[in-house]
Amino acid sequence: MNAVSMNNLWSYLQGLSLTASNRKWLAEKLIAPVKEQTATPPVLQTWDEAMADLDESEREFERGDVITGEEFNAQCQSLIC
């Protein structure tokens, strides 16, 4: 959802006459998906899998198949927006 849509949603919610229990219910519903996502256990690798990933990373580096920190940050920003 983009910033304009988020602001419109916030304006709509502010315009509602919600009781304290309504606000609590809404807050719990908004937070619930976050709780479910954080409950997912991390993915673990075996030692062999980790070493294979490291070997592949070293081969990529030797080939010059890398990006600068600035390029990485630019790619991250384009995914966030």
Side-chain angles (χ1 to χ4, degrees):
M1 185 178 270
N2 64 34
V4 172
S5 297
M6 294 292 289
N7 286 329
N8 288 338
L9 176 59
W10 180 243
S11 295
Y12 171 75
L13 292 173
Q14 286 179 314
L16 298 174
S17 55
L18 298 173
T19 64
S21 64
N22 292 151
R23 288 192 303 271
K24 182 180 178 187
W25 177 89
L26 180 59
E28 289 172 354
K29 292 296 181 186
L30 290 171
I31 293 171
V34 174
K35 289 180 182 176
E36 291 170 10
Q37 290 174 355
T38 58
T40 305
V43 176
L44 301 178
Q45 289 183 307
T46 65
W47 179 259
D48 291 338
E49 290 170 333
M51 296 312 306
D53 284 349
L54 180 59
D55 290 342
E56 178 58 26
S57 296
E58 290 172 345
R59 285 191 295 274
E60 289 173 353
F61 181 77
E62 289 169 0
R63 287 192 308 261
D65 189 12
V66 296
I67 61 173
T68 66
E70 292 166 351
E71 292 170 329
F72 177 80
N73 289 337
Q75 286 181 4
C76 288
Q77 287 299 322
S78 69
L79 294 174
I80 293 171
C81 296

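Basis for what follows: all heavy atoms, side chains included, without hydrogens, waters or symmetry-related copies. The structure presented is a predicted model; accordingly, all values stated were derived computationally and were not measured. Position 1 is the first residue of the sequence, and the numbers go up from there.
- Other residues sharing the hydrophobic cluster of Val66, ordered by chain and number and joined by side-chain separations under 4.5 Å: Phe61.
- With sequence neighbours left out, the salt bridge (charged side-chain N to carboxylate O under 4.0 Å, His left out) criterion links Glu56 to Arg59, Arg63.
- Membership of the apolar cluster around Leu54 extends to Trp47, Met51, as traced through chained side-chain contacts below 4.5 Å between ILVMFWY residues.
- With rounding to the nearest 0.5 Å, the separation of CZ in Arg23 from CG in Leu16 is 11.0 Å.
- In this structure, Glu58 places its CD atom where more than 12 heavy-atom neighbours from other residues, nucleotides or ligands lie under 6.0 Å away.
- By the side-chain hydrogen bond (donor to acceptor under 3.5 Å, both in side chains) test, Asp48 pairs with no residue at all, sequence neighbours left out.
- In this structure, CD on Gln14 lies 9.5 Å from CG on Asn7, to the nearest 0.5 angstrom.
- Residues passing the side-chain contact (heavy atoms from CB on, under 4.5 Å) test with Val4, sequence neighbours excluded: Asn2, Asn8.
- Heavy-atom minimum distance, Leu18 versus Leu26: CD1-CD2, 4.3 Å.
- For Asn73, there are no side-chain hydrogen bond (donor to acceptor under 3.5 Å, both in side chains) partners at least two apart in sequence or on another chain.
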